Structures are given as structure tokens and as C-alpha cells.
Amino acid sequence: MSRAGGRAGSMVPWFGLVALASFGGVAAALVSQHVYAMEPCPWCVLQRLIFVAIGAVALLGLLWPARIVRRMAAATALLLALSGLASALWQHFVAAASASCNLTLADRIVSGTGLDSLLPDVFAPRASCADAAVNLLGIPYAFWAAALFVLCAVAMLRALGLRD
């Protein structure tokens, strides 16, 4: 197999890891919400939306055989992971200190997609940012999301061959 073919094939496991991690992150958030009554704020919901987008792009990279599509998928997932990391850090350091996150960028993006009406059990914000600032095993929930976004970003860097 040529080097180019071998490189494209080496991208595939990273896409599988990222899809699993992204959808697993959303599943964990839904369990936290529906089983443990940890209601999401707009920034939490925006991060769910970003994880779903990362997972969908990763699945595209996993299933599409063309190398150029896989590279584009990896680059897109990388950018989404970095935006997710920024949103998680913003949530923890800025939004959580605010009494209200109504009409913030996250709230406008989520309501602009219409997903909060279409799938309210998944994408409807139900808490203020201050109320949603909770810990899981002593670590702020936003940091768990940030760590998962970093994992996705590193995996996509590996898929692109930018980090060996």
C-alpha cells in the first residue's frame, strides 16, 4: 500500500474514537440531567450541540473513503473541538459567575437552531449558568467537557498527522 493510502487508513481509528467520545459525552450529560437532576444551562446545551456536530463529522470521516474528505472532516472536527473547549472554559470562568445566561451567545445559538423546541429533553436549557455550575467527583462539570474536547482535538491532530 502506498504511503498516502496508509496515512488515510491510519486516520480511521481516530475518527472512531472521536465519534465514540463525542456521543458518549452527550449520553453522560443526558444521564446527569435525567437521572441525577443536573439541569443544563445554555452553555451546557451548546456544548452538547458541539459534541453532536463533532460526532457527526467524525462519522463522516470514518465512513467516507476519500482521503480529502477525511482530511476535511478531521480539520472540521478539530475546529469544532477547539470551539467546544472555548465554550467550556467560558462557561466555567465567566458564565458561571453570572446570575443569568439568558440572551448570551450560547442561548442565541441554541434557540436559533430550533433544537430546543424540536428536542427539548436534549437541547432545552433549564437552569441558569450559576445553578448549572456543579462538580462531578470534585471537578467542575465544565472541566470534564473541556477535557473531552481536548481529547477530541488531540485525536484529530493525530488524524491529520500534525501530532505524532
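Everything quoted here is computed from the prediction, not taken from an experiment.
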Just by modelled atom types, is the [Y] backbone N or O under 3.5 Å from a matching donor or acceptor in the [X] side chain?
X	Y	result
Arg158	Trp14	no
Arg70	Val12	no
Trp43	Ala106	no
Ser87	Gly84	yes

From [X] [atom1] over to [Y] [atom2], what is the distance, rounded to the nearest 0.5 angstrom?
X	Y	atom1	atom2	answer
Thr104	Trp90	OG1	CH2	9.5 Å
Gln91	Phe143	CD	CZ	10.0 Å
Leu82	Phe149	CG	CZ	10.5 Å
Leu79	Ile50	CG	CD1	11.5 Å

May I ask whether [X] and [Y] are part of the same hydrophobic cluster, defined by side-chain heavy atoms of I, L, V, M, F, W, Y residues being less than 4.5 angstrom apart, directly or through others?
X	Y	value
Leu105	Val94	yes
Leu30	Leu148	yes
Val69	Val57	no
Leu157	Leu20	no
Met72	Val18	no

Review point. So does Met38 have more than 12 non-hydrogen atoms from other groups sitting under 6.0 Å from CE?
Key: yes
Can you name the closest pair of heavy atoms from [X] and [Y] and give their distance?
X	Y	value
Ala81	Ala153	CB-N, 3.8 Å
Ala21	Cys152	CB-SG, 4.4 Å
Ala74	Ala159	CB-CB, 4.2 Å
Asp107	Pro125	OD1-CG, 4.3 Å
Tyr141	Ser32	OH-OG, 2.6 Å
Leu17	Ala155	CD2-CB, 4.1 Å

Under a 4.5 Å cut-off applied to non-hydrogen side-chain atoms, are [X] and [Y] in contact?
X	Y	value
Leu85	Val150	yes
Leu49	Leu115	yes
Leu80	Phe51	no
Leu59	Phe23	yes

Exercise for review: Starting from the C-alpha separation in whole Å, work towards a yes-or-no answer on side chain to side chain contact (heavy atoms under 4.5 Å, CB included) for Asp116 and Val45.
Suggested key: CA-CA 9 Å; Asp116 55 336; Val45 173; over 6 Å; no
Exercise for review: List the steps, then state whether side chain to side chain contact (heavy atoms under 4.5 Å, CB included) holds for Arg48 with Gln33.
Suggested key: CA-CA 12 Å; Arg48 289 179 187 184; Gln33 176 183 344; 2.8 Å; yes
Exercise for review: For the pair Arg126 and Asp121, find out whether any cationic side-chain nitrogen is under 4.0 Å from an anionic carboxylate oxygen.
Suggested key: yes
**Study point:** From Leu118, Thr113, Val52, residue fulfilling side-chain contact (heavy atoms from CB on, under 4.5 Å) relative to Phe123
**Key:** Val52
